[in-house]
Amino acid sequence: MTAPVTEATPNTDTAEAPAGLRPKGLVPVSIIVPVKNEEANLRRYLKSLLWADEIFVVDSQSTDKTVEVAEQHGAQVVQFHFNGTYPKKKNWSLENLPFRNEWVLIVDADEEVPKALVKEIAQAIKSTEYDGYDIHFRYFFMGGEIKHCGYADLRVLRLFRHKLGRYEKMPTKAGQNSGDNEAHEHVILQGKMGKLKNSIKHYPYPSIAVWVEKHNRYSTWEADLYEQFLRGGFKEGEKHLDRKKYIKRRLKQVFLRLPFRFVFRFIYAYFFRLGFLDKRQGFVLCFLLMFYDFMAWAKVYEAQATKK
């Protein structure tokens, strides 16, 4: 029998045993790993999370060995059933998972947490000054690290007190194939944010095919929210964004109005953000970013044309 929409469904056959495998004395952080068919990535990167006191793998009915691999590493597996609009997976997890720790760290299945960052996290959560920390990301693509193209200073709020952080609510239309997981939404933190020095390593796209598949879905999401972005329709959440993210959101409104904005995206990433210094990987990535913007633009045009 299919579980009700957005109801927590732990893997009852084996959920208790893996939870008991977590040794005492680990860092008191609960980790959320949203997944679907991530067997290969979990085998490679989940071992970098074994320092945490609690690991939740939040699955969307994977058909590969995702659940088996997660449980082998001592994670608790919870099934998420998306209703097509809202809530999406990360916000649902923050609202419904039975955390035993005050702090949560959100990590995607294709991300690695190095030992230096683990030590920094262990110290950071002892502080009473901050309620959350944004973390720098090192982005790897086509076998090398991308150090330019606009990715050098990529920082995301991922570590925070779980009662004080929620992702922006950007509901999409029911039936849109844009995915059940927050992709570009920001965490809104009801508290003070600090910064960590060390980085998460991000290996997001094992192939160009995977990049195209994911960004096809992301562009659907962008097109669906086009009018809301244009009108600044997320002002409630934007009140809580830091200055840099707020300015970036305002610039997005300008960018969306540009004719042939996808061409400008390539010029900006490849020349102004020095993507050419990343050599062949930089050229390919910048061209793909242009293609992503083209898809979003084309889907908006398609929706407008079919209404006539």
Donor-acceptor pair, distance only, cut-off 3.5 Å: does the side chain of [X] make one with the backbone of [Y]?
{"X": "E168", "Y": "H186", "result": "yes"}
{"X": "N91", "Y": "Y167", "result": "yes"}
{"X": "E39", "Y": "E68", "result": "no"}
{"X": "T220", "Y": "N216", "result": "yes"}
{"X": "N37", "Y": "T63", "result": "yes"}
{"X": "H136", "Y": "A152", "result": "yes"}

Test side chain to side chain donor-acceptor pair (under 3.5 Å) applied to [X] - qualifying residues, sequence neighbours left out:
{"X": "H215", "value": "none"}
{"X": "R44", "value": "none"}
{"X": "S30", "value": "E54, N101"}
{"X": "T66", "value": "D64"}

Item checked: Derivation and outcome, side-chain contact (heavy atoms from CB on, under 4.5 Å), residues L159 and Y130 -> CA-CA 11 Å; L159 176 69; Y130 297 110; over 6 Å; no
[X] versus [Y]: any side-chain heavy-atom pair under 4.5 Å?
{"X": "L288", "Y": "I208", "value": "yes"}
{"X": "H81", "Y": "Q61", "value": "yes"}
{"X": "F56", "Y": "V33", "value": "no"}
{"X": "P87", "Y": "E95", "value": "no"}
{"X": "K65", "Y": "R43", "value": "yes"}
{"X": "D131", "Y": "F160", "value": "no"}
{"X": "F137", "Y": "Y151", "value": "no"}

Notebook entry, point to check: Should V58 and N181 be marked as a side-chain contact (heavy atoms from CB on, under 4.5 Å) after you check the CA-CA gap, both sets of side-chain angles, and the distance that decides it?
Noted result: CA-CA 10 Å; V58 185; N181 200 16; over 6 Å; no
Under the salt bridge (charged side-chain N to carboxylate O under 4.0 Å, His left out) definition, can you give me all pairs with a residue in [range], not counting sequence neighbours?
{"range": "residues 73-84", "value": "none"}
{"range": "residues 112-129", "value": "E129-K192"}
{"range": "residues 193-207", "value": "none"}

Identify whether [X] and [Y] are in the same connected component of the hydrophobic contact network (ILVMFWY, side-chain heavy atoms under 4.5 Å).
{"X": "W92", "Y": "L94", "value": "yes"}
{"X": "Y45", "Y": "I31", "value": "no"}
{"X": "L49", "Y": "V35", "value": "yes"}

Note to self: Run the ring-ring contact (aromatic ring centres under 6.0 Å, His included) test against F140 and tell me which residues pass, sequence neighbours left out.
What the structure shows: Y203
Notebook entry, point to check: With a 4.0 Å cut-off, would you call R138 and E145 a salt bridge?
Noted result: yes
Testing the basics here: between [X] and [Y], what is the closest heavy-atom pair and its distance to 0.1 Å?
{"X": "D53", "Y": "P28", "answer": "CB-CA, 4.0 Å"}
{"X": "V187", "Y": "G165", "answer": "CG1-CA, 4.1 Å"}
{"X": "L117", "Y": "S199", "answer": "CD2-O, 3.7 Å"}
{"X": "A223", "Y": "A296", "answer": "CB-O, 3.9 Å"}
{"X": "I55", "Y": "A52", "answer": "CG1-CB, 4.4 Å"}
{"X": "I135", "Y": "N198", "answer": "CG2-O, 3.8 Å"}

To the nearest 0.5 Å, what is the distance between [atom1] on [X] and [atom2] on [Y]?
{"X": "E182", "Y": "K169", "atom1": "CD", "atom2": "NZ", "answer": "11.5 Å"}
{"X": "L274", "Y": "C286", "atom1": "CG", "atom2": "SG", "answer": "10.0 Å"}
{"X": "D180", "Y": "K89", "atom1": "CG", "atom2": "NZ", "answer": "4.0 Å"}
{"X": "F294", "Y": "F287", "atom1": "CZ", "atom2": "CZ", "answer": "10.5 Å"}
{"X": "Y301", "Y": "T306", "atom1": "OH", "atom2": "OG1", "answer": "10.5 Å"}
{"X": "L154", "Y": "D134", "atom1": "CG", "atom2": "CG", "answer": "10.0 Å"}

Check: Which is it for K299 and S219 under the side-chain hydrogen bond (donor to acceptor under 3.5 Å, both in side chains) test, yes or no, and what are the steps along the way?
Finding: CA-CA 8 Å; K299 288 178 181 180; S219 63; 2.9 Å; yes
Notebook entry, point to check: Run the side-chain contact (heavy atoms from CB on, under 4.5 Å) check on V57 and V78 step by step: do they pass?
Noted result: CA-CA 6 Å; V57 170; V78 177; over 6 Å; no
Next item on the list: Kindly state each residue pair satisfying side chain to side chain donor-acceptor pair (under 3.5 Å) with at least one member in residues 262-281, sequence neighbours excluded.
Entry: H148-D278, R265-D293, Y268-R273
Next item on the list: Check step by step if side-chain contact (heavy atoms from CB on, under 4.5 Å) holds for E71 and Q76.
Entry: CA-CA 6 Å; E71 290 174 345; Q76 300 181 62; over 6 Å; no
Margin query: Testing F262, F291, Y292 one by one against W297 for a ring pair (Phe, Tyr, Trp, His ring centres under 6.0 Å), which residue passes?
Written below: F262
Checklist line | Residues in salt bridge (Lys or Arg N to Asp or Glu O under 4.0 Å) contact with E102, at least two apart in sequence or another chain | finding: R161
Less than 3.5 Å apart, which donor and acceptor atoms pair up between the side chains of residues 103-111 and the rest of the protein, not counting sequence neighbours?
residue	atom	partner	partner atom	Å
D110	OD1	H202	NE2	3.3
E111	OE1	D108	N	3.0
E111	OE1	R158	NH1	2.9
E111	OE2	R158	NH2	3.0

Next item on the list: With sequence neighbours left out, write down each residue that passes side chain to side chain contact (heavy atoms under 4.5 Å, CB included) with V210, or none if nothing qualifies.
Entry: Y205, P206, S207, K214
